[in-house]
Amino acid sequence: MRFDVVTLFPDLFGPHLTQGVTRRAFESGQVEVRLWPLREHADDNYRRVDDRPYGGGPGMVMLAEPLERTLDAVKTAGGGRVVYLSPQGKTLDHARVMKLMEEQAVTLLCGRYEGVDERLLERRVDEEISIGDFVLSGGEVAAMVLMDAVVRQLPGAVGDSASVVEESFADGLLDCPQYTRPETYMAARVPEVLMSGHHENIRRWRLKQALGRTWLRRPDLLAVRRLNEEESKLLEEFRQESGAKS
Ligand code: 4FV
């Protein structure tokens with residue numbers, strides 16, 4: 001898979017590509033990242049990439065032309081569909097991550113300032129994606145979030161691919177609680193079932209906790225997920241035990 005990143009701050013991406021679980025995917029060539037420094041495509045001798053907004057108001061807006069030229073160069077180099085990271089986009093979720101993972105190449109357009117001239121977006125952007133309802137100082141960190149979420153799902157990208165399959169949202173539920181040494185921490189013990197070695201009981205406990213947490217914290221996720229018989233029974237047990245009226 002290949003990411004082409006159009007950005008005013010290419011140096012922001014270095015550490016992200018060379019550390020952590022996704023490092024191997026980048027270093028093994030399973031994932032290629034090409035950084036396209038926007039200022040290199042600014043034609044006037046001031047290498048302008050932004051200007052004041054028509055209609056007045058605070059801040060600056062990114063000029064269409066330097067972006068158009070950069071996207072031309074990316075396309076010529078085999079770049080893929082253009083994703084603009086912005087608060088106006090559809091919020092990124094697991095389903096969108098899994099779809100993006102199927103792409104051969106994705107071009108990530110990172111905005112700065114107040115945003116990008118709308119005419120460029122209309123002409124060259126295939127999709128706007130937001131990482132959440134808040135405003136960042138730039139699209140770069142949003143691009144890193146998207147790349148991290150997608151790369152982790154690539155086969156073998158993360159050491160133990162089982163961990164990717166069993167984590168939050170992979171099955172539409174939040175993750176169950178996790179524990180490690182010591183058995184007792186600040187007088188709190190690890191749930192006995194997890195030290196029982198009884199894999200079936202452990203599986204059911206984890207599923208019950210995942211269902212219960214999702215019901216408590218993200219009922220919106222349960223609203224769009226059909227529960228099978230075992231799951232319905234486990235969730236009912238959890239609700240009873242948490243004192244909820246059935
Ligand atoms: C953002 C988000 C985001 C808006 C103005 C960059 C900033 C500045 N991108 N999800 N939320 N972008 O806040 O993706 O240009």
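Start at 1 and go down the list; that is how both ligands and their atoms are numbered. Counting from 1, the numbers follow the sequence of the chain as shown.
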Seminar exercise, completed: Taking only non-hydrogen atoms of G132 and a 4.0 Å limit, the atoms of ligand 1 in range are 11 (N)

For this session: Would you mind checking which non-hydrogen protein atom is closest to atom 12 (N) of ligand 1, with the distance to 0.1 Å?
Result: P87 CD, 3.7 Å

Exercise. Out of L136, L92, V135, I131, whose heavy atom sits nearest atom 10 (N) of ligand 1?
Worked result: I131

Problem set entry | Contacting atoms of ligand 1, where contact means under 4.0 angstrom from a heavy atom of F134 | 11 (N), 13 (O)

For this session: May I ask you to decide whether R226 forms a salt bridge with E231, counting only side-chain N to carboxylate O separations under 4.0 Å?
Result: no

Exercise. Between the side chain of T214 and the main-chain N/O of L174, is any donor-acceptor distance below 3.5 Å?
Worked result: yes

Seminar exercise, completed: When L120, D126, L121 are each screened for side-chain contact (heavy atoms from CB on, under 4.5 Å) with R124, the one that passes is L120

Problem set entry | R112 neighbourhood, listing ligand 1 atoms whose heavy-atom distance to it stays under 4.0 Å | 15 (O)

Exercise. Is it true that K90 and E127 make a salt bridge, defined as a side-chain N closer than 4.0 Å to a carboxylate O?
Worked result: no

Seminar exercise, completed: Between R213 and F238 the two heavy atoms that sit nearest each other are N-CZ, 4.4 Å

For this session: Find all atoms of ligand 1 within a distance of less than 4.0 Å from any non-hydrogen atom belonging to A142, and give their numbers and elements.
Result: 9 (N), 14 (O)

For this session: Before signing off on this row, confirm whether G138 and ligand 1 have an N or O atom pair separated by under 3.5 Å.
Result: no

For this session: Considering only NZ, NE, NH1 and NH2 on the basic side and carboxylate oxygens on the acidic side, decide whether R47 and E40 come within less than 4.0 Å.
Result: no

Seminar exercise, completed: Of all protein heavy atoms, the one nearest atom 8 (C) of ligand 1 is Y113 O, 3.3 Å

